[in-house]
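None of these values were measured; they are calculated from a predicted model.
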Amino acid sequence: MRKNNFPYFPENFLWGGAQAASQADGAFREDGKGLNSSDVQPYLQGLSNEELQAAESDGMTLKEVKKNSQDTENYFPKRYGIDFYHTYKEDLQLLADAGFTTFRTSLDWSRIFPNGDDEKPNEKALRHYSDMIDCMVQLGIEPIITMNHYETPVNITLKYGGWPNKEVIPLFVKFGKVLLDWFGDRVKYWIVVNQINMVQLEPWLSVGVASDQYANQEQALYQAMHNQIVAAAEIKNYARSLNNPNIHIGTMVADGTVYPASSKPDDVILAMQQNRMQYFVTDVQFRGKYPQFALNYFKSREIELDITQNELKLINENRMDFLGISYYYSRIVDSTKNKMQPADNLQNPNLKQSNWGWAIDPQGLYNTLSQYYDRYQKPIIIAENGLGAYDKLEDDKKIHDSYRSDYLSMHIEQVGRAIHDGAEVIAYCAWGPIDIVSCSSQQMSKRYGFVYVDIDDNGKGSKKRYLKDSYFWYKQVISSNGKYI
């Protein structure tokens with residue numbers, strides 16, 4: 001532990017962690033749950049970390065989606081997760097014992113509406129999640145709930161073509177209304193869509209679109225993003241009608257900030273333009289209209305979106321209340337090698353990388369928080385931040401992961417720095433506080449947690465939980481309110 005050079009966290013600051021039902025819950029056959037987009041992602045044996053992540057970006061063909069939906073032979077890690085569906089009481093107690101004052105998780109759309117278009121919700125699922133939320137509240141943990149964290153029912157893809165189809169909007173809004181009706185009395189912070197800007201990097205998980213489902217894939221993905229923006233506005237409108245001032249409806253993005261590779265004007269301008277396209281979704285959701293630079297980009301790419309005046313009016317009248325940000329790494333752009341396209345960027349040679357090639361850049365978090373707050377002046381929740389790493393369970397059942405606490409301490413310090421400069425950051429959620437299945441690679445060996453879960457990449461193991469060294473470190477961070485890191 002060391003003293004934080006920027007110990008400026010307010011007294012009511014929320015310290016905790018985050019996960020997704022799709023990576024943790026498991027129990028995919030129980031209580032009437034349907035298959036979602038995460039449930040049909042197999043663990044691809046024998047591939048490198050880089051190849052596994054490339055497969056995530058490539059997505060799946062429609063044939064593969066159908067095949068995987070019927071496949072009972074291969075291993076699909078997210079169907080089983082860490083069995084949080086059954087162990088949530090014990091797991092939440094571990095987090096409470098560490099001093100957690102908040103926990104972000106999702107309520108699986110495909111568990112509550114198994115097909116996405118069911119007439120009535122699955123009450124078994126609602127009662128389960130109600131019990132889980134009650135458990136959090138009783139432990140003094142503020143729930144932050146994501147409505148859709150890569151859990152689009154597979155039926156939405158097969159029957160409707162995924163989120164590009166506007167018929168999906170009222171189906172999801174119906175789901176959102178059910179959540180607010182059931183849990184709005186206990187849940188203050190709602191994130192409608194996890195990482196709404198990730199459609200280019202994770203098209204299958206983000207919007208349930210197969211890689212060969214549309215002739216103009218880029219247009220379909222941006223239409224899907226627009227439809228999610230409309231759905232969020234509809235849900236915000238409904239939340240307002242409930243006259244409950246404690247309900248806050250937010251959006252969330254994955255930070256994709258890039259730096260220029262050099263001081264050459266062409267590099268600086270390309271970085272600015274790429275970053276601006278990262279901001280366009282939040283520009284729409286916080287400023288109430290599409291920025292001209294985004295409209296120009298669509299035109300240059302021959303993208304024609306179906307956007308109505310009524311939708312624009314709805315969006316403008318129902319702007320989001322807060323911003324969730326996931327931050328893991330930064331990248332650079334070189335105008336001689338990269339173009340004005342999302343995710344067309346390079347590694348920064350000045351930064352070290354994780355085993356999965358994610359650059360370690362704590363100051364990038366300070367930059368990101370500052371840029372977003374300067375732009376919108378809205379409360380910010382750090383919805384995800386963490387280091388995926390290989391952990392070793394020693395013979396004495398201890399895990400010595402100083403690399404994780406080192407990574408997190410550097411990032412937490414930069415959060416304090418941003419707060420000191422005026423950013424209203426209200427919560428810090430370390431990603432995967434209890435080890436879960438990796439989103440980007442389907443691996444269990446890519447671990448983020450303070451709590452080790454004895455499961456391997458093939459689903460074998462005791463499922464027992466063991467406290468890592470970082471668990472006790474984070475407990476001290478929380479008890480000092482960030483003064484010691």
Side-chain angles (χ1 to χ4, degrees), residues 19-20 22-24 26 28 35-82 149-152 154 157 195 198-213 217 221 254 256 326 328-329 331 342-347 351-360 384 386-393 403-404 431-432 435-449 452-461:
Q19 67 174 26
S22 55
Q23 294 165 253
F28 80 105
L35 286 178
N36 64 40
S37 50
S38 294
D39 292 326
V40 296
Q41 290 184 297
Y43 174 55
L44 302 173
Q45 302 274 1
L47 298 186
S48 68
N49 291 340
E50 187 176 20
E51 290 168 332
L52 286 169
Q53 292 177 126
E56 178 84 356
S57 294
D58 292 341
M60 281 183 278
T61 64
L62 199 55
K63 183 178 180 181
E64 288 172 327
V65 172
K66 292 176 180 177
K67 176 178 174 291
N68 292 347
S69 297
Q70 302 298 320
D71 190 339
T72 57
E73 300 296 321
N74 292 301
Y75 181 55
F76 294 80
K78 292 173 185 171
R79 295 181 184 180
Y80 304 93
I82 59 168
H149 196 142
Y150 300 156
E151 292 136 5
T152 298
V154 170
T157 297
Q195 300 183 151
M198 284 288 277
V199 294
Q200 301 293 340
L201 285 175
E202 294 179 324
W204 168 245
L205 287 180
S206 293
V207 290
V209 170
S211 59
D212 59 350
Q213 210 162 3
Q217 180 81 345
L221 295 180
S326 65
Y328 293 100
Y329 57 82
R331 306 272 289 184
D344 186 5
N345 48 45
L346 303 167
Q347 284 283 11
L351 298 174
K352 293 180 180 178
Q353 301 171 21
S354 74
N355 289 314
W356 282 263
W358 293 17
I360 298 171
E384 298 178 23
L387 176 70
Y390 294 115
D391 292 338
K392 183 182 179 184
L393 181 65
Y403 42 85
R404 180 166 292 110
W431 178 245
D435 290 341
I436 53 176
V437 177
S438 168
C439 170
S440 59
S441 65
Q442 329 319 317
Q443 294 165 297
M444 196 67 203
S445 57
K446 186 183 183 185
R447 299 176 182 272
Y448 285 87
Y452 185 95
V453 179
D454 184 24
I455 302 174
D456 67 16
D457 287 342
N458 295 299
K460 307 299 182 184

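Rounding to the nearest 0.5 angstrom, the gap separating the CG atom in L351 from the OH atom in Y329 is 13.0 Å. Atom NZ of K66 is separated from atom OG1 of T61 by 9.5 Å, given to the nearest 0.5 angstrom. Put simply, OG1 on T152 and CG on L35 are 13.0 Å apart, with the number rounded to the nearest 0.5 Å.
Side-chain contact between D391 and Y403 is present, with heavy atoms from C-beta onward closer than 4.5 Å. In this structure, V154 and V40 have side chains that are in contact, with non-hydrogen atoms separated by less than 4.5 Å. Side-chain contact between W204 and S37 is present, with at least one heavy-atom pair separated by less than 4.5 Å.
For W356, the ring pair (Phe, Tyr, Trp, His ring centres under 6.0 Å) partners are Y390, not counting sequence neighbours.
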(request) Kindly determine whether Q195 and E384 satisfy side-chain contact (heavy atoms from CB on, under 4.5 Å), including the steps that lead there. (result) CA-CA 10 Å; Q195 300 183 151; E384 298 178 23; 3.7 Å; yes

(message) Does D212 form a salt bridge (Lys or Arg N to Asp or Glu O under 4.0 Å) with K63? I'd like the steps, not just the answer.
(response) CA-CA 9 Å; D212 59 350; K63 183 178 180 181; over 6 Å; no

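Across L205 and C439, no two heavy atoms sit closer than the pair CD1-SG, 3.7 Å. Among all heavy-atom pairs drawn from L44 and L47, the shortest one is CB-CD1, 3.7 Å. Pairing each heavy atom of L62 with each of Q213, the nearest pair is CD1-NE2, 3.7 Å. Residues S22 and E151 come closest through the heavy atom pair N-OE2, 2.9 Å. Taking all atoms of both residues into account, the shortest heavy-atom contact from V207 to V199 is CG1-CG1, 3.6 Å. When every heavy atom of P203 is checked against every heavy atom of Q200, the shortest pair comes out as CD-O, 3.9 Å.
R447 places no side-chain N or O within 3.5 Å of a backbone atom of Y452 that could act as its donor or acceptor partner. In terms of modelled atom types and a separation under 3.5 Å, the side chain of S354 and the main chain of G388 share no donor-acceptor contact. At distances below 3.5 Å, not a single donor-acceptor pair connects side-chain atoms of T157 with backbone N or O atoms of V209. Judged by distance alone, with hydrogens and angles left aside, the side-chain atoms of D435 form a donor-acceptor pair with the main-chain N or O of G449 at under 3.5 Å. With hydrogens and angles ignored, the 3.5 Å screen pairs no side-chain donor or acceptor of D456 with any backbone N or O of M444.
For F28 and Y80, the gap between ring centers is short of 6.0 Å.
Among S445, P77, S438, the one residue that satisfies the side chain to side chain contact (heavy atoms under 4.5 Å, CB included) test with D457 is S445. Here the rule is side-chain hydrogen bond (donor to acceptor under 3.5 Å, both in side chains) with Y150, and of Q41, E202, Q23 only E202 fits it.
Residues Q443 and Y43 bring no donor and acceptor atom of their side chains to less than 3.5 Å of each other. There is no side-chain donor-acceptor pair under 3.5 Å between N68 and D71.
Within 6.0 Å of the CD atom in Q347, the count of heavy atoms belonging to other residues, nucleotides or ligands exceeds 12.
A cation-pi contact links K446 to W358, judged by a cut-off of 6.0 Å to the six-membered ring centre and 45° from its axis.
Here D39 does not pair with R79 in a salt bridge; the nearest charged N to carboxylate O distance is not below 4.0 Å.
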